[in-house]
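These notes concern the structure reproduced below.
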Protein chains: 2
Amino acid sequence: MQRTYVCDIEKKAEVNILVKGWVHKIHDLGQISFVHLRDKTGIVQLILDKETSKDLKLEMAIEVCGKTVLNEKAPGGIEVLPDDIKVVGKTFYETLPIEVNAYKQKASLEKQLDNRCLSLKAPKTRAIFKVQEEIANAFRNFLTAQRFSEVRTPKIISSSTEGGSEMFTVDYFGRRAFLTQSPQFYKQMMVGAGFERVFEIGFAYRAELHNTWRHLNEYVSLDVEMGFIEDENELMDLEEALINHIYDHLRKTCARELEIFKVELPEKVEIPRMPLPEAQEILLDKFNLRSPVGNISAEGEVVLSDYIKKTYGSDFVFLTHYPVSKRPMYAMPDPENPELTKSFDLIFKGLEITTGGQRINDYEMLKENIKKFKLNPDDFAFYLDNFKYGMPPHGGFAIGLERITLKILNLDNIREATLITRDMKRLEP
Amino acid sequence: MQRTYVCDIEKKAEVNILVKGWVHKIHDLGQISFVHLRDKTGIVQLILDKETSKDLKLEMAIEVCGKTVLNEKAPGGIEVLPDDIKVVGKTFYETLPIEVNAYKQKASLEKQLDNRCLSLKAPKTRAIFKVQEEIANAFRNFLTAQRFSEVRTPKIISSSTEGGSEMFTVDYFGRRAFLTQSPQFYKQMMVGAGFERVFEIGFAYRAELHNTWRHLNEYVSLDVEMGFIEDENELMDLEEALINHIYDHLRKTCARELEIFKVELPEKVEIPRMPLPEAQEILLDKFNLRSPVGNISAEGEVVLSDYIKKTYGSDFVFLTHYPVSKRPMYAMPDPENPELTKSFDLIFKGLEITTGGQRINDYEMLKENIKKFKLNPDDFAFYLDNFKYGMPPHGGFAIGLERITLKILNLDNIREATLITRDMKRLEP
């Protein structure tokens, strides 16, 4: 018999079906038991006699042939009276280290991460990764429709490509290599190599000595790079439209999951754009909060976001006009004010989720800028090569996938939005 | 004015348009020049006077406002008479290190890889990556429609997860860690953790000391894992249907690219399944070719593929029933013949592109098998944990993305199907 997924069970009695899944809950009522079977798509109730249910344990994998029975009180209004139950995945435990079927997860986050194969089974945790998958799909669909190409660029790089600090080192056949912090150079290369518009959904690595609620050492970066642009505003327009598309897509594909997290996504997102100096001034004048040179602090991001929400009704704000000294050497200076760059950050509910901007596309200018940054152009030979053969004006941005998931679902810790966490302490599972 | 992509130019005269792209070719005819502008989507001809064309160099990035002119002799039957040409990406070279517009690329593959930002511009090279992108899209769409979830699992792993040989080492905050050879353990974990059916499109790393036409040290693995299966035949059914879907999808999305490579994809793929011993026997009896124990040689793969093509008309063949001794410790033994496993390889035009099979899903059996392989179960504690909480029967397979691209397009070297190559000698660009 063909398997029926729980979400596809018709509300119709006396239908013979085969369902497969895990024993989610056992309600022992004496002569009979209600057993909840959980599959990937939902939960359905089985009615079992004492004899059958006594051999079942929570989280056993089972296959059940049976007949449907209408019952308004059962989840989904339907239950299954089994003819046959086959245990296809046994259990080997005394007590479950963490509960899968609790309304609220009582185990600490650390314990959930230690027992990831169990904690991921909990419907609420599962919902996070359904939403995350659809964020990535929305990102891809939106960009593909606008002639962006998906690329996959190397994660092992030679020493000379990026800054060098905070990078993991790899032994590459005896050579010292690194795990990439971002596909920045490669996505620019692809723009110049005729792809024009590219995106990448891939891992990025930061060997940062942070262990906070918002830092990961291995994370998924949603990267965008676009050629033949006018200026950085075109990039912010694109990202604003992208955020709107992600919200639309989530409303369509993740209604159930958003409900679990009691999240209502606004119909239309309009994102204010504010020069960094103005943001710093607001923080100082209105909140007596001093900002570091050329940036705002993590605390400032939270306070500013609150202010923006109250003033403009937006969960997002673009900060623009970051100074040259605080951006990478490839950031395009503002011709009207060469101390500032055509770059931006996107702050979402108090957390930076994006850095972006227009890049320098002229070979000579880039070479000069590398020198101004007290770096050696020879170390960037492979990168500079890309600028010799007609590099159009271009720019891009990157969104941290775990960070945007965290903020959309109002989670507390980025590890909750990470399937398998890699942080300073965690290399397993 | 809104930009028009070359492929969207209507075959209609006197239309004002803005096109953007690179100077692909310059035909100097004395008083006038024909200049080919290449964008991401195609090539269009510009008609220029002497004065204007003299400042143009091959591969400059330009933006052109002009009027369309009908001309049957021009590519696409239409050309553009420019009012204004703006150079937005200058060039900095004496002579191009490799030709972009040649009908046949004359530069060696090594030189193409050294000058990747240029070699990728050539339309024929570009076509490879369009096809590759669509193979990955077809893989995703096919599986998503069958309720598979896309996952992204860590690429930095602790020492204890896999074999340990042929792995790149990473310094992880002073701990010795590794780059993963495959997401095998994690995809199995996700099946058990309630995702049931998962796929991953991600990098895998092999520190193999090979430098051949078919080996890469960083490659993209299309991984599949599926729970609640009957046996390994269900996996082969799935892969066969997947291959058919990929072909259908490529016919729809890459007609132009397939034509460039003179590739005609068969309407229907039916893949013979042959036990390994039978294949070995054929090689010995018919071709006097001796096979290594429990496998066939690279030469044998080529000879067998030829034989299969002649005998069954198929470019593909599944080899089944590999012996326990030649498969990993998690391969499910065949209950009817415990020296053999329920695993398979897929050979495509003489090249192995897939290894797959049913896995052991019983905790005790897996632990025993680890011991039989003279390994220590304690080293696999995190992996074994997944089998304590109801692991259903499951299995999967993986396809090398570059390998399937190579074979579909009949390329000679896997590096041609790799955007940026990482091999023993190549860590740049």
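In what follows, chains are A, B, ... by sequence order, proteins preceding strands, each numbered from 1. Computed from a predicted structure; not experimentally measured.
To the nearest 0.5 Å, atoms OH (A:Y383) and SG (B:C117) are separated by 12.0 Å. Here the CG-CZ distance, from B:L427 to A:F382, works out to 10.0 Å after rounding to the nearest 0.5 Å. In this structure, CD1 in B:I201 is found 9.0 Å from CD1 in A:I201, a value given to the nearest 0.5 Å. Of the inter-residue distances, the one linking B:R116 atom CZ with A:N386 atom CG reads 12.5 Å to the nearest 0.5 angstrom. Atom OG1 of A:T169 and atom OH of B:Y172 lie 13.0 Å apart (nearest 0.5 Å).
Residues A:V151 and B:L419 form a side-chain contact, since some pair of their non-hydrogen atoms from C-beta on lies under 4.5 Å apart. Looking at A:W22 and B:P392, their side chains come closer than 4.5 Å, going by heavy atoms from C-beta outward. Residues B:F173 and A:N217 have side chains in contact (heavy-atom distance under 4.5 Å, counting atoms from C-beta outward). In this structure the side chain of A:R3 reaches within 4.5 angstrom of the side chain of B:F228, judged on heavy atoms. Annotation: side chain of B:M60 is not in contact with side chain of A:Y389 (no heavy-atom distance under 4.5 Å). Residues A:R152 and B:L401 are in side-chain contact: their nearest non-hydrogen atoms beyond the backbone lie under 4.5 Å apart. By the 4.5 Å heavy-atom criterion applied to side chains, A:F195 and B:K121 are not counted as neighbours.
For B:V220, the part sitting under 4.5 Å from any heavy atom of chain A is the side chain, from C-beta outward, and nothing else. At a 4.5 Å heavy-atom cutoff, the contact between B:R197 and chain A is made by backbone and side-chain atoms alike. Interface remark: B:K425 contributes backbone atoms only to the contact with chain A (heavy atom separation under 4.5 Å). Only the side chain of B:T41 comes within less than 4.5 Å of a heavy atom in chain A; its backbone stays farther off. Heavy atoms of A:E150 lying under 4.5 Å from chain B belong to its backbone as well as its side chain. Using a 4.5 Å cut-off between heavy atoms, A:L58 makes no contact with chain B at all. Interface remark: B:E364 contributes backbone and side-chain atoms alike to the contact with chain A (heavy atom separation under 4.5 Å). The part of A:F203 that comes within reach of chain B is its side chain, from C-beta onward, which places non-hydrogen atoms under 4.5 angstrom from that chain. At a 4.5 Å heavy-atom cutoff, the contact between A:A136 and chain B is made by side-chain atoms alone. With a threshold of 4.5 angstrom between heavy atoms, A:E208 approaches chain B through N, CA, C or O but not through any side-chain atom. For chain B, the nearby part of A:M391 is the backbone; its heavy atoms alone come within less than 4.5 Å. A:R175 touches chain B through its side chain: at least one heavy atom from C-beta onward sits under 4.5 Å away, while N, CA, C and O do not. Only the side chain of A:L118 has a heavy atom closer than 4.5 Å to any heavy atom of chain B. Both the backbone and the side chain of A:V170 come within contact range of chain B, each with at least one heavy atom under 4.5 Å from a heavy atom of that chain.
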Is there a side chain to side chain contact (heavy atoms under 4.5 Å, CB included) between B:M190 and A:I420 once you walk through the steps?
CA-CA 10 Å; B:M190 293 307 141; A:I420 305 284; 3.7 Å; yes

Please walk me through it: do A:N137 and B:R140 pass side chain to side chain contact (heavy atoms under 4.5 Å, CB included)?
CA-CA 10 Å; A:N137 284 340; B:R140 177 184 298 106; 4.3 Å; yes

List the steps, then state whether ring-ring contact (aromatic ring centres under 6.0 Å, His included) holds for A:F387 with B:F92.
CA-CA 8 Å; A:F387 295 79; B:F92 301 83; 9.5 Å; no

Would B:E218 and A:K155 count as a side chain to side chain contact (heavy atoms under 4.5 Å, CB included) if you check the C-alpha gap in whole Å, the side-chain angles of each, and the deciding distance to 0.1 Å?
CA-CA 8 Å; B:E218 181 185 51; A:K155 302 307 161 208; 3.7 Å; yes

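For chain A, the option among B:K40, B:E133, B:M189 with the highest count of heavy-atom pairs below 4.5 Å is B:K40. Note on A:S119, A:G227, A:A122, A:P97: by heavy-atom pairs under 4.5 Å with chain B, the leading option is A:P97. Between chain A and the options B:Y5, B:Y205, B:F129, the largest number of non-hydrogen pairs under 4.5 Å is found for B:Y5. Heavy-atom pairs under 4.5 Å with chain B peak, among A:K90, A:Q132, A:K57, at A:K90. Across B:V87, B:N115, B:T153, B:N361, the residue that shares the most heavy-atom pairs under 4.5 angstrom with chain A is B:T153. For chain B, the option among A:E59, A:E63, A:H394, A:K130 with the highest count of heavy-atom pairs below 4.5 Å is A:E59. In terms of heavy-atom pairs under 4.5 Å with chain B, the best-connected choice from A:G89, A:A61, A:P154 is A:P154.
What you find for B:R422 and A:I156 is that their closest heavy atoms are NE-O, 2.7 Å. The shortest non-hydrogen separation linking A:Y93 to B:K388 is CD2-O, 3.8 Å. When all heavy atoms of B:T91 and A:G390 are compared, the closest pair comes out as CG2-N, 3.8 Å.
Electrostatic pairing of B:R176 and A:D171 does not count as a salt bridge here, judged by no charged N lying under 4.0 Å from a carboxylate O. One finds no salt bridge joining B:D39 and A:R147 here, because no Lys/Arg side-chain nitrogen approaches an Asp/Glu carboxylate oxygen to under 4.0 Å.
With 3.5 Å as the limit, one finds a donor-acceptor pair spanning the side chains of B:R126 and A:S149.
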